[in-house]
Structures are given as structure tokens and as C-alpha cells.
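Written out below as C-alpha cells is the structure these notes cover.
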Amino acid sequence: MTEAILLVGGKGTRLRPLTVRTPKPMVPAAGVPFLTHQLARARAAGVEHIVLATSYLAEVFEPYFGDGSALGLHLEYVTEHEPLGTGGAIRNVASRLHSGPDEPVLIFNGDILTGLDIPALVDTHRDSGAEVSLHLTRVEDPRAFGLVPTDGTGRVTAFLEKPQTPEEIVTDQVNAGAYVFNRSVIDTIPAGRPVSVERETFPGLLAAGAHLQGMVDSTYWLDLGTPQAFVRGSADLVLGRAPSPAVPGRRGDRLVMESAEVAGDAKLTGGTVAGPRTVIGPGARIDGSAVLEGAVIEEGARIRDSLIGAGAHIGARTVLDGAVIGDGAHIGADNELRDGIRIWCDARIPAASVRFSSDQ
């Protein structure tokens with residue numbers, strides 16, 4: 001198990017405004033770009049060579065991670081200039097792989113936070129003789145996911161679209177976004193056009209009689225596609241609920257980066273992160289939130305389950321609950337923003353002018 005592909009080309013539309021200036025995998029979670037956690041977990045599992053399939057804001061990745069040597073990895077970068085989908089992105093980086101035709105290649109989606117036992121997935125792939133193996137996880141409500149039923153040996157029997165009726169829910173197993181491909185299978189994906197592994201590659205392989213194996217691993221799993229999920233994932237990393245060797249500090253109720261300034265009577269709880277060069281004023285109360293680099297939280301602010309973008313400014317006594325504040329935004333004193341509201345980058349809200357939630 002020496003190499004992997006990381007799919008990091010998505011635009012992160014659901015995460016805006018966080019992704020207006022930053023690609024989704026580079027948004028900080030628990031003090032470092034989320035991609036750092038994925039790379040560190042892959043290295044801990046024995047992966048040595050990773051090809052990053054980039055597209056949106058592709059120029060950001062290599063200056064930050066370089067050749068990967070600081071993480072004990074060999075990193076390469078391939079940019080797709082037109083969106084190719086998951087399958088097309090995998091095919092687009094095939095020339096950078098070193099594996100032989102029958103050797104396994106790990107593939108990870110760049111927006112999944114998981115405790116997956118990576119070596120176990122590879123062992124399952126080898127032991128079963130599969131051409132492709134999928135990490136599956138069980139969810140309480142599978143209606144938002146494509147279903148992946150398996151037989152008694154774990155062999156995949158179908159790929160089903162999101163169920164519309166109770167009768168269509170034949171399993172609670174869903175595609176969790178991590179795969180092992182035999183290298184030879186990657187080379188069969190059509191080149192130079194968009195391809196979805198979920199809608200085209202996997203169903204096509206199954207129809208052709210290929211062996212696709214599922215491994216159910218129901219450890220921690222979270223799709224970080226929405227701001228609310230991203231904030232939760234960051235907090236879970238700090239609290240130790242989600243595993244990562246890349247959290248830059250001791251796990252606990254809060255993570256305060258070295259260059260942050262936090263007033264002595266400010267209270268940070270619930271896995272809150274105070275990023276580099278942040279300033280948190282006296283009497284502030286911040287719970288389960290992420291305050292990104294250079295943001296300022298003034299005296300007496302109350303913040304819960306929110307994400308404060310880089311360089312944003314939150315005025316004194318302002319209340320944020322489930323809010324997302326874009327980079328560089330300025331929220332004046334004595335405002336109240338709740339219920340999933342998103343404030344765009346560089347927006348200006350005067351003092352005492354807004355008591356607003358997303359459903360008003």
C-alpha cells in the first residue's frame with residue numbers, strides 16, 4: 001500500500017462563502033487546512049505517494065504542501081482545466097501512478113472526515129479478489145444518499161439512487177467516499193471527458209460482471225459539504241471524537257493556536273478553535289465554533305456553532321448562533337444573527353442593525 005489519489009477539485013459551492021477565496025480542502029479545521037488531516041491519516045496508514053487531483057483554485061495547494069516531505073510523503077499535483085467528475089479526475093491522474101496493473105490504488109474524496117481503518121479496506125480488497133472495493137457506512141436516514149446493498153460475503157449487488165419511498169430503502173449502507181481500485185480498472189475509465197464513478201463507472205463494472213466488494217466500517221464519518229457540518233467536524237477533531245494525527249495541540253474543550261490572543265475571562269468551549277493571530281476580547285463566550293486566522297471577536301460577544309472567516313470582525317455583544325461569517329466581513333456591535341445565516345466576504349453590517357435568521 002504505497003500510493004493514493006486525493007480528489008480535491010470541487011468548487012465547494014455548498015460551503016460558500018468559506019470557499020470563495022479558499023478551496024474546500026484548504027479551509028482550516030482544528031487549526032490546519034482540512035486536507036492536512038487526510039494526508040496525515042493516509043501517511044499513518046502506510047501510504048507514501050499521493051497524487052492530488054486539483055481544479056478549483058488549484059494554485060493554492062502546492063505552495064502550501066510542496067513536495068510533501070514535511071509530512072513524510074511524496075506529493076504530486078495534476079490540474080483539470082475543465083470539470084471531469086470523480087471518474088474523470090481519477091483517470092486524469094493515472095499517468096502519475098507507479099502501481100502495476102494488479103496493484104491497489106487508494107482513492108479518497110477530499111471532503112470526508114472519517115475514522116476509516118484504511119489498512120483493513122486494503123486487506124479486504126486483496127483477500128476478496130475484488131477489482132474495486134468501497135468503504136460503506138451505515139446511516140440512520142439513507143434518503144439523502146445512494147444505497148449500496150451487498151450479499152452475505154460483502155459483494156456489492158447494486159447501486160441504487162436516493163430512495164423516494166420507504167419500500168425503496170433496502171439497506172442503510174451508503175457509499176462513504178473511499179475506494180480501492182486495481183490500477184488496471186483506472187486505465188479503463190474513458191479519458192478526456194466527465195465521468196462519474198457513482199453513476200457510470202461502478203454500475204458499468206457491475207453490469208459487466210466485475211467483482212466490487214463493500215466493507216462496512218461504521219467508525220466516525222462526516223461529509224463536510226455544508227458549513228454546519230464543517231464546523232461540527234472541526235469541533236469533533238478538537239474534542240477527540242474524530243481521529244487525526246495532525247491536530248496541532250492537545251485535544252480538549254478548545255484549541256488556541258500559539259499566536260492567538262484570548263482574554264483571561266473569555267470562555268471557549270465545545271471544541272472551539274482560536275486560529276492564528278485571532279483576538280478574542282474580554283467576556284466573550286464561544287462554543288463549538290471555529291474562528292479563523294486574524295479574526296477579531298470583541299468584548300462580550302456570544303458565538304455558538306458558527307464559523308468566523310479569516311480577518312472577520314465581530315463587534316461587542318453581538319450574538320451569532322449557527323452563523324457563517326465570510327472572510328473580511330465586519331459585523332458591528334449589538335447585532336444578532338442566527339439559524340444558518342451566511343454573511344458574504346467583506347460585507348459590512350452596522351452596529352445594532354440586524355436581528356435576523358435565515359428563515360425570516
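Remark: side-chain polar atoms of Asn109 are not paired, donor with acceptor, to backbone N or O of Asp111 under 3.5 angstrom. Panel note: side chain Ser234, backbone Ala30; a donor-acceptor pair is recorded below 3.5 Å. Proximity of a side-chain donor or acceptor of Gln38 to a complementary backbone N or O of Pro25 within less than 3.5 Å is not detected. Counting only distance, with no hydrogens or angles, the side chain of Ser306 and the backbone of Ser289 share no donor-acceptor pair below 3.5 Å. Checking side-chain atoms of Asp327 against main-chain N and O of Ala310 turns up a donor-acceptor pair under 3.5 Å. Under the 3.5 Å distance criterion, the side-chain polar atoms of Arg317 are left unmatched by any main-chain donor or acceptor of Gly315. In this structure a side-chain-to-backbone donor-acceptor pair under 3.5 Å is present from Arg91 to Ile189. Arg302 places no side-chain N or O within 3.5 Å of a backbone atom of Thr318 that could act as its donor or acceptor partner. At distances below 3.5 Å, at least one donor-acceptor pair connects side-chain atoms of Thr272 with backbone N or O atoms of Thr269. When atom types are taken as modelled, the side chain of Asn335 and the backbone of Ser353 share a donor-acceptor pair closer than 3.5 angstrom.
Salt-bridge formation is detected for the pair Glu293/Arg277: a Lys NZ or Arg NE/NH1/NH2 atom is positioned less than 4.0 Å from an Asp or Glu carboxylate oxygen. Using a 4.0 Å cut-off between charged side-chain N and carboxylate O, Arg193 and Glu200 make a salt bridge. Using a 4.0 Å cut-off between a side-chain N of Lys or Arg and a carboxylate O of Asp or Glu, Arg304 and Asp287 do not qualify as a salt bridge.
Between Pro245 and Arg41, the shortest heavy-atom contact is CD-CG, 3.7 Å. Residues Ala274 and Ile280 approach most closely at CB-CD1, 3.8 Å, considering heavy atoms. Scanning all heavy atoms of the two residues, the minimum distance from Thr114 to His135 falls at OG1-CE1, 3.7 Å. Here the closest non-hydrogen pair linking Asn175 and Tyr179 is ND2-OH, 3.0 Å. Minimum interatomic distance between Val20 and Tyr56 (heavy atoms only, all atoms of both residues): O-OH, 3.3 Å. Tyr77 and Gly66 get closest at one heavy-atom pair: OH-O, 2.6 Å.
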Test side chain to side chain donor-acceptor pair (under 3.5 Å) applied to Gln173 and Thr137, step by step: CA-CA 5 Å; Gln173 296 174 178; Thr137 191; over 6 Å; no
Thr79/Thr54 under side chain to side chain donor-acceptor pair (under 3.5 Å): CA gap, chis, key distance, verdict: CA-CA 5 Å; Thr79 300; Thr54 68; 2.9 Å; yes
Worked verdict on Arg96 versus Glu76 for salt bridge (charged side-chain N to carboxylate O under 4.0 Å, His left out): CA-CA 8 Å; Arg96 303 294 184 92; Glu76 295 189 67; 3.1 Å; yes
Asp321 vs Asp339, side chain to side chain contact (heavy atoms under 4.5 Å, CB included): CA-CA, chis, key distance, verdict: CA-CA 6 Å; Asp321 193 337; Asp339 299 335; 5.8 Å; no
Worked verdict on Asp217 versus Leu136 for side chain to side chain contact (heavy atoms under 4.5 Å, CB included): CA-CA 6 Å; Asp217 182 315; Leu136 307 179; over 6 Å; no
Stepwise side chain to side chain contact (heavy atoms under 4.5 Å, CB included) test for Val105 and Glu103: CA-CA 7 Å; Val105 178; Glu103 293 182 316; over 6 Å; no
Worked check of side chain to side chain contact (heavy atoms under 4.5 Å, CB included) between Arg43 and Leu39: CA-CA 6 Å; Arg43 182 66 190 94; Leu39 294 173; over 6 Å; no
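The side-chain heavy atoms of Leu160 and Val170, taken from C-beta on, include a pair separated by under 4.5 Å. The shortest side-chain heavy-atom distance between Leu205 and Leu212 falls under the 4.5 Å cut-off. Looking at Arg155 and His211, their side chains come closer than 4.5 Å, going by heavy atoms from C-beta outward. Looking at heavy atoms from C-beta onward, Val324 lies out of side-chain contact with Ile341 at the 4.5 angstrom threshold. Annotation: side chain of His49 is in contact with side chain of His98 (closest heavy-atom distance under 4.5 Å).
How far CG of Leu106 is from CG of Leu121: 6.5 Å, rounded to the nearest 0.5 Å. Rounding to the nearest 0.5 Å places CZ of Phe181 at 11.0 Å from CD of Glu131. Of the inter-residue distances, the one linking Leu222 atom CG with Leu113 atom CG reads 6.0 Å to the nearest 0.5 angstrom. To the nearest 0.5 angstrom, His313 atom NE2 is 12.5 Å from Ile325 atom CD1. Atom CZ of Phe34 is separated from atom OG of Ser244 by 8.5 Å, given to the nearest 0.5 angstrom. In this structure, the separation between CG on Asp123 and OG on Ser128 is 10.5 Å, given to the nearest 0.5 Å.
Atom CZ of Arg21 has more than 12 heavy atoms from other residues, nucleotides or ligands within 6.0 Å. Within 6.0 Å of the CZ atom in Arg199, the count of heavy atoms belonging to other residues, nucleotides or ligands does not exceed 12. The 12-atom threshold is not exceeded at CD of Glu258, counting heavy atoms of other residues, nucleotides or ligands nearer than 6.0 Å.
Grouping the Ile, Leu, Val, Met, Phe, Trp and Tyr side chains by contacts below 4.5 angstrom, directly or via other members, places Leu18 apart from Met26. In the hydrophobic clustering of ILVMFWY residues, with side-chain heavy atoms under 4.5 Å counting as a link, Leu307 and Met257 come out together. Linking ILVMFWY residues whenever their side-chain heavy atoms come closer than 4.5 Å, directly or via other members, places Leu134 and Leu7 in the same cluster. No single ILVMFWY cluster, assembled from side-chain heavy atoms under 4.5 Å apart, contains both Val279 and Ile286. Connection of Val27 to Val247 is established within a shared hydrophobic cluster, with ILVMFWY side chains joined at heavy-atom distances below 4.5 Å, either directly or through further cluster members.
Thr86 and Glu198 form a side-chain donor-acceptor contact under 3.5 Å, judged by distance and modelled atom types alone. A donor-acceptor contact under 3.5 angstrom links the side chains of Ser99 and Glu3, judged on distance only. Neither side chain, Asn182 nor Ser184, offers a donor N or O lying under 3.5 Å from an acceptor on the other. Neither side chain, Ser133 nor Thr124, offers a donor N or O lying under 3.5 Å from an acceptor on the other.
You'll find the ring centres of Phe159 and Phe202 inside the 6.0 Å limit.
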